[in-house]
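Order of appearance sets the numbers: ligands from 1, and atoms from 1 within every ligand.
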Amino acid sequence: MPVDPTVACVVGVDYGTLSGRAVVVRVADGAELGSAVHDYSHAVLAESLPDGTPLAHDWALQVPSDYVDVLKTAVPAALAAAGVDPAHVIGIGTDFTACTMVPTLADGTPLNELPEWSNRPHAYVKLWKHHAAQPQADRINELAAKRGEPWLARYGGLISSEWEFAKGLQLLEEDPEAYAATARWVEAADWIIWQLTGTYVRNACTAGYKGILQDGAYPSREFLAALNPAFVNFVADKLEQPIGRLGDAAGTLTAEAARWTGLTEGIAVAVGNVDAHVTSAAAAALDPGQMVAIMGTSTCHVMNSDELHEVPGMCGVVDGGIVAGLWGYEAGQSGVGDIFGHYVDNLGAEWTHERLTELAAGQRPGEHGLIALDWHNGNRSVLVDHELSGLLVGETLATKPEDIYRALIEATAFGTRKIVETFTAAGVPVREFIAAGGLLKNSLLMQIYADVLNMPLSAIGSDQGPALGSAIHAAAAAGAYPDVRTAAAAMGSVTPNAYLPDPEAAAIYDELYAEYSTLHDYFGRGANKVMRRLRAIQRKASA
Ligand SMILES: Nc1ncnc2c1ncn2[C@@H]1O[C@H](COP(=O)(O)OP(=O)(O)O)[C@@H](O)[C@H]1O
Ligand SMILES: O=C(CO)[C@@H](O)[C@@H](O)COP(=O)(O)O
């Protein structure tokens, strides 16, 4: 029975680092009728497994049953909050952090859910911020450069330790039994769709940006064998799967998933997507030159272009990676909100983001005498090196907590400026900067970004951008619109010029950015490898 288009709704579910957020959205105009959040009960496993098995440095794991709990809790709660008849919901779409990898049996059962594997770290989900595969990434990059692999240029010259191949090679080399037991190496973005439909389809976005699928091919068997002879069949045996186009239906909701969610069995389920890339649709910002920055735990910068260029240190460029018909570019900062949260957490309970922001807002740029490097979680773009670490210069006995908090915000803004300038210099100009994500709520942070970039900031209309983007893809998958671009025009929203640069502040930030750039190149491009040496000493001391 077709649903009346004026009441038809879709559900978008955004899987972030610490929680899943469900939104019920009206198809006709993108109105968000109700939402709910569910925090993952295991959060991020960075110190130990649930049974206490210790984890080494730079590990970040998750428990996949937490993801299914979101379907069972946040989706019904969002429906209740919206007061919508579930029979009016015609589709569901999801987005996920990436590259978050699930080792599974052939039927999609996660390895960690088998009793015999529950105490093995490599049986668990490797979260996007799992950086312990940097040695494998270094070998992949060295070999790819030596062999002149054509696909390396599509990733700015460097493959990240966060992605599918480095993490897969680490699995093989550190736990060969777990590698052998892994029948499918699955992006969480696709695993959750598998749970909703019973069908495993690899989405074109993560396959391209995180799985090195370029021009229809993965890295060759020869390349894999040269990395490690036992890795030769990694693609054929554990990775390859039919590719689903963004905005198409991956399948329909199973009876079991209908019971979990309270939705109707058989409704359309959109091909999986990534929390960053799906947000461009929510901001109705799919045209070339519109850079959408999804600012949360990390920041992802996504932008379309009608031209293919190599941008040094970008995360990747994929044909149709954001929307069909255009080259989708991605860059990123692997630590942003995480850096602020880590600082706040270490200060003590009486300190909060809000208190520090209020105190910091009273300062003029440069007043605190500090400058920081925003590499507390490594550097994703433009250096692609997760052995790098944070730095603070200028601290004195007069330095106050709010001074450092402001310097950390400014450092992430300088990191974003480095990315914007690199794109523009490479022939992919940034014509509009649109902010999205959880950090939008910090107006001081937004103003600092406008001043540092010295350009107006547009702001996405929704404070649940990724979830709205997933809902838009669900509407296209359900056939309510002919394609994602048409659905985005009807359902997405943005406020242009939400923050305008202050010329005086911008001038001071130009001086501070010059100092940031000097530190960036000195510590990040090999002049002084102290950060890597400290990591090596740390690993030896922790062994
Ligand atoms: N007022 C604030 N100002 C700056 N950062 C904040 C503020 N509140 C929370 N954060 C940071 O934002 C991050 C969460 O961002 P959010 O977009 O909600 O989640 P996710 O990145 O998982 O999608 C956390 O790292 C947290 O430390
Ligand atoms: O890397 C990507 C996208 O490519 C993100 O999913 C990852 O940085 C996690 O983002 P969040 O900050 O947790 O939303």
Hey, are Lys441 and Glu354 close enough for a salt bridge, meaning a charged N less than 4.0 Å from a carboxylate O?
no
side-chain contact (heavy atoms from CB on, under 4.5 Å), that's the test. Do Phe340 and Asn442 meet it? Break it down for me.
CA-CA 12 Å; Phe340 315 141; Asn442 189 323; over 6 Å; no
Distance to the ring centre below 6.0 angstrom and angle to the axis at most 45 degrees; does that hold for Arg184 and Tyr200?
no
When you look for heavy atoms under 4.0 Å from ligand 1, do you find them on the side chain of Tyr40, its backbone, both, or neither?
neither
Ion pair present between Lys210 and Glu330, side-chain N to carboxylate O less than 4.0 angstrom?
yes
Under 4.0 Å between a side-chain nitrogen and a carboxylate oxygen: does that hold for Arg406 and Glu402?
no
Just going by heavy-atom distances, which of Val37, Thr297, Asp338 is nearest to atom 13 (C) of ligand 1?
Thr297
Check this for me, if you would: do Asp14 and Arg21 make a salt bridge, where the nitrogen-to-carboxylate-oxygen distance has to be below 4.0 angstrom?
yes
For Gly337 and ligand 1, does the shortest N/O to N/O distance drop below 3.5 Å?
yes
Pair Phe165 and Phe234, ring centroids less than 6.0 Å apart
yes
To which protein heavy atom is atom 3 (N) of ligand 1 closest, and what is the distance rounded to 0.1 Å?
Asn442 ND2, 3.1 Å
Quick one: which ligand 1 atoms are inside 4.0 Å of a heavy atom on Glu354?
1 (N)
Output yes when the distance from some N or O of ligand 1 to some N or O of Leu439 is under 3.5 Å, and no in every other case.
no
Identity and distance of the protein heavy atom lying nearest atom 4 (C) of ligand 1:
Tyr405 OH, 3.5 Å
Contacting atoms of ligand 1, where contact means under 4.0 angstrom from a heavy atom of Gly341:
27 (O)
Provide the number and element of each atom of ligand 1 under 4.0 Å from a heavy atom of Phe340.
4 (C), 5 (N)
Hey, are Asp338 and Lys129 close enough for a salt bridge, meaning a charged N less than 4.0 Å from a carboxylate O?
yes
Which ligand 2 atoms are under 4.0 Å away from a heavy-atom of Glu330?
3 (C), 4 (O)
To which protein heavy atom is atom 13 (O) of ligand 2 closest, and what is the distance rounded to 0.1 Å?
Thr17 OG1, 2.4 Å
Output field: ring centroids Tyr40/Tyr67 closer than 6.0 Å:
yes
Numbered atoms and elements of ligand 2 in range of Lys210, under 4.0 angstrom, heavy atoms
1 (O), 3 (C), 4 (O)
Ring centroid separation for His386 and Trp375, is it under 6.0 angstrom?
no
Show me which atoms of ligand 2 lie under 4.0 Å from any heavy atom of Thr297.
12 (O), 13 (O)
Salt-bridge test for Asp58 and Arg535: reply yes if a basic N is under 4.0 Å from a carboxylate O, no otherwise.
yes
Residue Val274 vicinity, atoms of ligand 2 by number, heavy atom under 4.0 Å
3 (C), 4 (O)
Does Asp463 have any salt bridge (charged side-chain N to carboxylate O under 4.0 Å, His left out) partners at least two apart in sequence or in another chain, and if so, which?
none
Considering only heavy atoms of His277, which atoms of ligand 2 have at least one such atom less than 4.0 Å away?
4 (O)
Taking the six-membered ring for Trp and the full ring for Phe, Tyr or His, determine whether the centres of Trp163 and His130 are under 6.0 Å apart.
no
List the closest protein heavy-atom neighbour of atom 1 (N) of ligand 1: residue, atom name, distance to the nearest 0.1 Å.
His353 CB, 3.4 Å
Does a donor on one side chain sit under 3.5 Å from an acceptor on the other, for Tyr155 and Glu310?
no
Got an N/O contact under 3.5 Å between Asp14 and ligand 1?
no
With heavy-atom distances below 4.0 Å as the criterion, list the atoms of ligand 1 near Gly296.
13 (C), 15 (O), 17 (O), 21 (O)
Below 4.0 Å from ligand 2: does a non-hydrogen atom of Met295 turn up there or not?
no
Could you tell me, atom by atom, which parts of ligand 1 come under 4.0 Å of a heavy atom of Gly16?
22 (O)
Can a non-hydrogen atom of Tyr15 be found less than 4.0 Å from any atom of ligand 1?
no
In this structure, atom 2 (C) of ligand 2 is nearest to the protein heavy atom Ala98 O, 3.0 Å
Considering only non-hydrogen protein atoms, determine which one is nearest to atom 14 (O) of ligand 2 and report residue, atom name and distance to 0.1 Å.
Asp275 OD2, 2.9 Å
Any nitrogen or oxygen of Thr357, side chain or backbone, less than 3.5 Å from one on ligand 1?
no
Any atom of ligand 2 sitting under 4.0 Å from a heavy atom of Cys300?
yes
At a 4.0 Å cut-off, with the gap strictly under it, does some heavy atom of Arg21 reach an atom of ligand 1?
yes
Return yes when Lys129 approaches ligand 2 closer than 4.0 angstrom through a heavy atom, no otherwise.
no
Interfacing atoms of ligand 2 (cut-off 4.0 Å, heavy-atom, Arg380)
1 (O), 2 (C), 7 (C), 8 (O)
So, Asp502 and Gln447: side-chain donor and acceptor under 3.5 Å apart, yes or no?
no
Kindly state each residue pair satisfying side-chain hydrogen bond (donor to acceptor under 3.5 Å, both in side chains) with at least one member in residues 278-289, sequence neighbours excluded.
Asp287-Arg485
Sub-4.0 Å heavy-atom approach of Glu162 to ligand 2
no
Heavy-atom proximity to atom 12 (O) of ligand 2, picking from Ala188, Gly438, Ser298, points to Ser298
Measure the distance from atom 8 (N) of ligand 1 to every protein heavy atom, then report the residue, atom name and distance (to 0.1 Å) of the closest one.
Lys441 CE, 3.2 Å
Identify the protein heavy atom lying closest to atom 17 (O) of ligand 1, giving its residue, its atom name and the separation to 0.1 Å.
Gly438 N, 3.1 Å
Is Thr17 in polar range of ligand 1, meaning some N or O pair under 3.5 Å apart?
yes
Closest non-hydrogen atom pair, Ala467 against Val23:
CB-CG2, 3.6 Å
With respect to Glu164, which candidate in Lys238, Arg202, Lys126 satisfies the salt bridge (Lys or Arg N to Asp or Glu O under 4.0 Å) definition?
Arg202
